[in-house]
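Notes for the one structure printed next.
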Amino acid sequence: MKIAQIIIGALLLLPGICSLAFMLLLIPEANAGDRLTDSLWGLWVPCLAVGALGIWLIRNARNRP
C-alpha cells in the first residue's frame, strides 16, 4: 500500500511541476502586463493544488510505520 501511495503521489506532482514551469516561462509576459497570464491563474491554481495533494500523499506514505 505504501509503494502505491508513493507512485500515485508522484503522478499527482506532475501537474504542479508543469504549472510551475509555465509560470517561470511566462514571467516576462506577466511583467509586461499581458492579460494571458491573468487568465491562466484559473488553470494554475487547481494544478498547484493537485501537486500539493501529491506532496501530502508522499509524506503521509513515508511517515506511516
Original post:
Do Val45 and Leu48 belong together in a cluster built from hydrophobic side chains that touch within less than 4.5 Å?
Top reply: yes

Subject >> Over all atoms of both residues, closest heavy-atom pair of Arg64 and Gln5 >> reply: NH1-NE2, 3.8 Å

Original post:
Which heavy atom of Ala61 sits nearest a heavy atom of Ile6, and at what distance?
Top reply: CB-CG1, 3.8 Å

**OP:** Might you confirm whether atom CG of Leu24 has over 12 heavy atoms from other residues, nucleotides or ligands at distances under 6.0 Å?
**Re:** yes

**OP:** Would you name the heavy atoms of Gly9 and Leu57 that are closest together and state the gap between them?
**Re:** N-CD2, 3.7 Å

**OP:** Could you please spell out the steps behind the side chain to side chain contact (heavy atoms under 4.5 Å, CB included) verdict for Leu43 and Phe22?
**Re:** CA-CA 11 Å; Leu43 184 62; Phe22 278 109; over 6 Å; no

Original post:
Looking at Pro15 and Val50, what are the two nearest heavy atoms and their distance?
Top reply: CG-CG1, 4.1 Å

**OP:** Could you tell me which non-hydrogen atom of Gly42 sits nearest to which non-hydrogen atom of Pro46, and how far apart they are?
**Re:** O-CD, 3.1 Å

Subject >> Within one Ile-Leu-Val-Met-Phe-Trp-Tyr cluster: Ile55 and Ile7, side-chain cutoff 4.5 Å >> reply: no

Subject >> Joint cluster assignment, Leu25 & Trp41, ILVMFWY side-chain distance < 4.5 Å >> reply: yes

**OP:** Name all residues meeting the side chain to side chain contact (heavy atoms under 4.5 Å, CB included) criterion together with Leu14; count only those two or more places apart in sequence or in a different chain, and write none if there are none.
**Re:** Leu11

Subject >> Partners meeting side chain to side chain contact (heavy atoms under 4.5 Å, CB included) with Leu53 (sequence neighbours left out) >> reply: Leu12, Trp56

Subject >> Validation row: Ile58, Ile8 side chains within 4.5 angstrom (heavy atoms) >> reply: no

